[in-house]
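Single-structure report; data block below.
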Amino acid sequence: MKKAVNEQYGDVDQIKIIETERPTVSNGEVLVKVKAAGLNPKDILVRKGKFKRFTGSKFPQGIGYDFSGIIEDPMNSTFQKGERVFGMVNGWRGRCCAEYVDVKAKELYQMPDNLSFEAAAGIPLAGQTALQAIRDQGKIRNGSQILINGASGGVGTLAIQIAKELGGEVTTVSSSKNLELCSSFGADHTISYQDTNLLELSTAYDIFFDVFGNYSFRKVEGLLKKNGIYITTVPKADIIKEQFSNLFRSKKARLVVVRSNERDMRWFSQKIGAGKIQPVVDEVFDLSDIQAAQKRIESKRAKGKVIIKMST
Ligand SMILES: NC(=O)c1ccc[n+]([C@@H]2O[C@H](COP(=O)([O-])OP(=O)(O)OC[C@H]3O[C@@H](n4cnc5c(N)ncnc54)[C@H](OP(=O)(O)O)[C@@H]3O)[C@@H](O)[C@H]2O)c1
């Protein structure tokens with residue numbers, strides 16, 4: 001089968017498409033024939049060697065953490081051969097930009113009928129990140145005021161819709177050209193970081209979701225209500241330190257670390273099936289164009305998700 005790999009840590013020219021054996025599956029796993037895969041900033045960071053501690057020094061290394069496709073071998077799971085599924089592999093062994101992927105049965109779920117494979121592949125990693133941040137870390141309630149910084153990207157466009165679905169009053173922060181995009185997904189208020197200094201805002205928020213990750217708890221503390229929560233996606237040293245101090249103060253700092261699970265994939269399957277959440281696709285690339293697709297992510301200008309389509 002065809003599979004995209006990194007031959008070494010480095011630039012996009014380290015990415016190659018190789019021919020390799022199909023993966024084998026064991027108990028608790030299923031084999032999926034991949035139709036499309038999502039790309040994420042994680043793929044870029046891993047390729048550049050930013051997580052060597054977890055990804056080690058053995059090459060080639062597979063690429064891609066979320067996918068959509070068809071069950072090829074259900075093993076002893078409750079899935080049926082031929083079922084349409086989407087999901088995300090946990091951990092650091094990327095491998096979804098390939099014709100087949102081995103995945104734990106609890107890391108995927110049936111796709112809703114109204115979804116293309118390309119649209120579905122962008123949901124699992126970005127969507128579960130946003131859901132776990134807003135619902136689990138942020139404890140959003142009806143009427144909560146939430147600010148989403150970096151609202152026009154893969155995580156952000158889903159975060160807007162999830163926050164609205166869970167009852168939040170949503171303020172987005174993006175560049176000026178993406179203000180309308182954010183409104184179109186339900187933002188109640190839109191701010192351009194090019195025109196407004198966030199630190200001078202007079203509103204206070206229950207949740208500051210720093211998707212882009214260029215703020216810190218200390219910087220935005222003054223924008224949080226008494227029991228407000230700052231959530232970041234970026235595991236910098238200061239957030240690890242700040243989380244320890246949470247016990248002693250009313251305002252909290254939290255880091256979201258996404259984990260794929262059946263309950264959350266079911267949540268998306270149902271909400272998308274009911275038309276409550278819409279996937280947002282920036283651009284679809286063929287597997288052979290994966291270098292260009294990764295450059296699109298690296299530009300930090302993607303509006304929604306960058307997707308790799310498998311040709312078979
Ligand atoms: N911890 C976890 O489990 C986890 C999971 C998923 C993602 N992440 C992290 O979350 C971050 C976002 O991921 P993503 O998939 O949403 O990335 P993405 O899709 O590549 O984000 C692109 C977006 O970033 C926005 N952006 C660029 N500069 C900005 C700025 N100065 N201020 C605000 N927004 C800006 C762009 O909007 P404009 O063009 O409008 O500026 C663009 O729409 C990444 O750092 C990723 O590594 C962490």
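Every number for a ligand or one of its atoms is a count from 1 in the order of the listing.
- Residue contact check: Val257 has heavy atoms under 4.0 Å from atoms 3 (O) of ligand 1.
- By the criterion of a heavy-atom distance under 4.0 Å, the side chain of Asn149, and not its backbone, is placed next to ligand 1.
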Test log, rule side-chain hydrogen bond (donor to acceptor under 3.5 Å, both in side chains), inputs Ser174 and Ser152: CA-CA 6 Å; Ser174 68; Ser152 48; 4.9 Å; no
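- Among the atoms of Tyr193, some N or O lies under 3.5 angstrom from an N or O of ligand 1.
- Of all atoms in ligand 1, numbered sequentially from 1 with element shown, those under 4.0 Å from a heavy atom of Leu125 are 5 (C), 6 (C).
- Within ligand 1, counting atoms from 1 as listed, the ones closer than 4.0 Å to a heavy atom of Gly150 are 33 (C), 34 (N).
- Ranking the protein heavy atoms by distance from atom 4 (C) of ligand 1 puts Thr129 CG2, 3.9 Å first.
- Looking at atom 12 (C) of ligand 1, its nearest protein heavy atom turns out to be Val211 O, 3.6 Å.
- With Asp206 contributing its side chain and Gln145 its backbone, the two residues share a donor-acceptor pair below 3.5 Å.
- Residue contacts with ligand 1: Val234 is placed with no nitrogen or oxygen under 3.5 Å of a nitrogen or oxygen of the ligand (distance criterion only).
- For the residues Arg301, Met88, Lys177, Lys303, the heavy atom positioned nearest atom 27 (C) of ligand 1 is part of Arg301.
- Taking every heavy atom of Val258 and a limit of under 4.0 angstrom, the matching atoms of ligand 1 come to 3 (O).
- Using a 4.0 Å heavy-atom cutoff, Ala302 is listed among the residues neighbouring ligand 1.
- In this structure a side-chain-to-backbone donor-acceptor pair under 3.5 Å is present from Gln161 to Gln278.
- Counting atoms of ligand 1 from 1 in the listed order, those under 4.0 Å from a heavy atom of Asn214 are 31 (N), 32 (N).
- Note: no N/O pair closer than 3.5 Å links Gly156 and ligand 1 by distance alone.
- Looking at Lys42 next to ligand 1, no N or O pair under 3.5 Å apart turns up.
- In this structure, Lys42 is positioned above the aromatic face of Tyr65, its NZ or CZ under 6.0 Å from the six-membered ring centre and within 45° of the axis.
- Contact atoms of ligand 1 toward Val256: 1 (N), 2 (C), 3 (O) (distance under 4.0 Å to a heavy atom of the residue).
- Nearest to atom 36 (C) of ligand 1 by heavy-atom distance, out of Gln194, Lys300, Lys305, Arg296, is Lys300.
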